[in-house]
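Both ligands and their constituent atoms are indexed starting at 1 by order of listing. Scope of the values below: all heavy atoms of this structure, side chains included, with no hydrogens, waters or symmetry mates.
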Amino acid sequence: MRRNQIVLVLVWVMGICATTLLCATVDYDHRALLIDGKRRVLISGSIHYPRSTPEMWPDLIQKSKDGGLDVIETYVFWNQHEPVRGQYNFEGKNDLVRFVKAVAAAGLYVHLRIGPYVCAEWNYGGFPLWLHFIPGIKFRTDNEPFKAEMKRFTAKIVDMMKQEKLYASQGGPIILSQIENEYGNIDGPYGAAGKSYINWAASMATSLDTGVPWVMCQQADAPDPIINTCNGFYCDQFTPNSNKKPKMWTENWTGWFLLFGGATPRRPVEDIAFAVARFFQRGGTFQNYYMYHGGTNFDRTSGGPFIATSYDYDAPIDEYGIIRQPKWGHLKDLHKAIKLCEEALIATDPTISSPGPKLEVAVYKTGDKCAAFLANDNDNSDATVKFNGNSYQLPAWSVSILPDCKNVVLNTAKINSASMISSFTTESSKADTSLEASTSGWSWISEPVGISKADSFAKIGLVEQINTTADRSDYLWYSLSVDLQDDAGSQAVLHVESLGHALHAFINGKLAGSSQGNGNKRALDVDIPITLVAGKNTIDLLSLTVGLQNYGSFFDIWGAGITGPVILKGLKNGNTVDLSSQKWTYQVGLKGEDLGLSSGSSGQWNSQSTLPKNQPFIWYKTNFAAPSGSNPVAIDFTGMGKGEAWVNGQSIGRYWPTNAAPNGVCSDSCNYRGPYTSTKCQTNCGKPSQTLYHVPRSWLKPDGNILVLFEESGGDPTKISFGTKQVASLCAHISDSHLPPVEMWNSDTKSGKKVGPVLSLKCPHQDQVISSIKFASYGTPLGTCGDYYHGRCSSNKAMSIVQKACIGSSSCSVGVSTDTFGDPCKGVAKSLAVEAICT
Ligand code: GAL
């Protein structure tokens, strides 16, 4: 090349890549995403930035990297960023640029799912409420006002990323973007307009010129060049809509979301690993865990209705940022196993055959590269598969991965990873009496029943709630005065019908009854027995939303609140009075909300008189010292009813410890074999859905923290406790039929020497060491972590051997074989179980 040609090329490259020459091209073909022309196998995980804090992000991202992720996937939350039309917020946990840069700093890629509809169990699916009030607007369809706003916000985010040079094409980490979200699941009722909307969304996104591909999930008709991707518990059966597009899985649900009033979902890692391996076995090359870290629905961000404040999701990293074992560790092993196959996987399509019922062998072979996946889809019978002249044992519902088409590196049902039990340790709530709190540690203000604010208004008939409150508050008062001369002292029934989500009815200032919906049924239809007085009777109905609907066709206009009818029944002479068309007085929100009580600094807080307990509508305040140490902090709200809580002015979300999971929908033991559904392995039946509420460490000072609660149904705040979440025990249970650790695979197969199974333990924090061994047994130990016991056969050397290998170290490994322990029972299959404590 001549000198001026070189200069020209350089100028061209710099023109696109600005100051850096590290920019990458991202493209795709039938097999995979191509980064700089090379096909890649990519493992991704979702972390939603507003569900944690900027202080937590680097650690969460590092734990994701350590777990074997290449990509972090996040939605962009429109209503966080533009709460008021034209007024943007990219501060604190909404600092999207900082989040993307934190991912880049760890050397990972980003998949930016702009939506801007996101679902995500997020209030109103991520739409700002003001959008609803634009004249003539219709959401998610071929509607000009909607498309204009969607385009404006999408372009704003794209421009922001471009300005910061965050696209891979500019040297940044973003390799992929998503437009819309699962529209294909609900587009039927939108008809032809839905179809043209999707075509518009595709060309609008493409026109923004990000330099990286766009995807649409669950959108079989996604137009070129948009890649249609799969969401679900399993996506091995999925094929994209063109042979030119790769097979991608944007949401592999690692658990499920928690509802107030629901049991706690749990998805066993053996099943997740099975689903992932099946996906790669059948030609997949990009897979994302939804969620990898779920986090917390702070504020009133949870959607719903009835989505709980915890968004833990049973994810590989728990709500508090602690790795969940063995989920995190087993998936980490799985990722290493899949990466050992990468060169073979990206080179060709698999050749698939079935050696028997529900058995499947897939081989990726080109030249000297060969990788194989052997699957047993039977949900109750183990199988032996012959492959290339060798026999392989396959447990039911498992996949074995052979990176060289000969040796098994991992079987999805055999967990080598350690497991952990985490616990909540209470600190006696060192109430800080140096500040204004009373001797009980609590001060209070009562919230008036009924209309108390100057901005109340009257209207004929019953109004829909969301149109009235614009979601400025969960609460809307409906108030009416009725004169019932003839019915004095009579027992009657107040019949109320509401679109949801919950209701408290007061007659003459006294609570007469309450009702609430649930995750399956939002609407209310109640008959409340009441007593009327002679003359004027006041009816105050408080209607409340518990997170706005985030999913479904036309979900934005499903509505909430008491749309009626409201009827007085069972009056004297069997009379009935329909109150629906009366002139009602309305009040949006609470007096305490207007006064800014949540910060704790304003208002006349009572601290001298007796603390009211178990009474509705009380604002409570106390000061507290942060629990010592650096472990994540939680508040246990046992004893309280329902409300919202603020720490130093920051909302930690809605609390509702009295809303319990039903009985009969849980299973003590969870069989991972067979297709998973979100209700399959639930726990916590009959208990409150959520008692612990996360308070990010960075929101706390050592002392003098202010906790404010608004208690709506009645509770005893003196029962509240503060504490920390930590790993209590570290366990592992490895049998002599387990495979050697994945990291031994290379040396193992090269040297031809067979390493046996190994039990490995590692303390969760670098500065911790294993201080004691609570249990060790080699032979036929039984039980589960925290609850192991000796079986009929046990070596009497196990405890001392494990102690010697582990105590005083932050990690240790012990070979699981008779070479280490001798043979306590010849001819019997043996295993080693250990429970250790780190301090
Ligand atoms: C999907 C949706 C996600 C999330 C998930 C359930 O349908 O795309 O945003 O809502 O379901 O957790």
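- Residue-to-ligand polar distances place E121 within reach of ligand 1: an N/O pair is separated by less than 3.5 Å.
- In this structure, N79 CG and L129 CG are separated by 8.0 Å, a value rounded to the nearest 0.5 Å.
- Residue contacts with ligand 1 for Y551 are absent, since no atom lies close enough (heavy atoms, distance under 4.0 Å).
- Distances from ligand 1 to the non-hydrogen atoms of Y75 include at least one value under 4.0 Å.
- Counting heavy atoms closer than 4.0 Å to ligand 1, residue N185 contributes nothing at all.
- On a distance-only criterion, Y313 and ligand 1 share at least one N/O pair closer than 3.5 Å.
- Within the 4.0 Å heavy-atom criterion, neither part of Q218 lies near ligand 1.
- Checked against a 3.5 angstrom limit, the closest N/O atoms of A120 and ligand 1 fall inside it.
- Atom CD of E464 and atom CD1 of I557 lie 10.0 Å apart (nearest 0.5 Å).
- Considering backbone and side-chain atoms alike, C119 places every N or O at 3.5 Å or more from each N or O of ligand 1.
- Residue Y290 approaches ligand 1 through these ligand atoms, each under 4.0 Å from one of its heavy atoms: 3 (C), 4 (C), 9 (O), 12 (O).
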Walk me through whether E180 and Y197 qualify under side chain to side chain donor-acceptor pair (under 3.5 Å). CA-CA 10 Å; E180 249 295 338; Y197 163 63; 2.7 Å; yes
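- Between atom CZ of residue F90 and atom CD of residue E82 there is a gap of 8.0 Å, rounded to the nearest 0.5 Å.
- Atom NZ of K521 has more than 12 neighbouring heavy atoms from other residues, nucleotides or ligands inside a 6.0 Å radius.
- In this structure, W122 does not count as a contact residue of ligand 1, since none of its heavy atoms falls inside 4.0 Å of the ligand.
- Side-chain polar atoms of R267 and N252 form a donor-acceptor pair below 3.5 angstrom.
- Close contacts between ligand 1 and W256 involve ligand atoms 6 (C) [criterion: under 4.0 Å to a heavy atom].
- Scored by the salt bridge (charged side-chain N to carboxylate O under 4.0 Å, His left out) test, R324 finds D312, D314 as partners (sequence neighbours excluded).
- For Q62, the CD atom is densely surrounded, since the number of other residues' heavy atoms within 6.0 Å is greater than 12.
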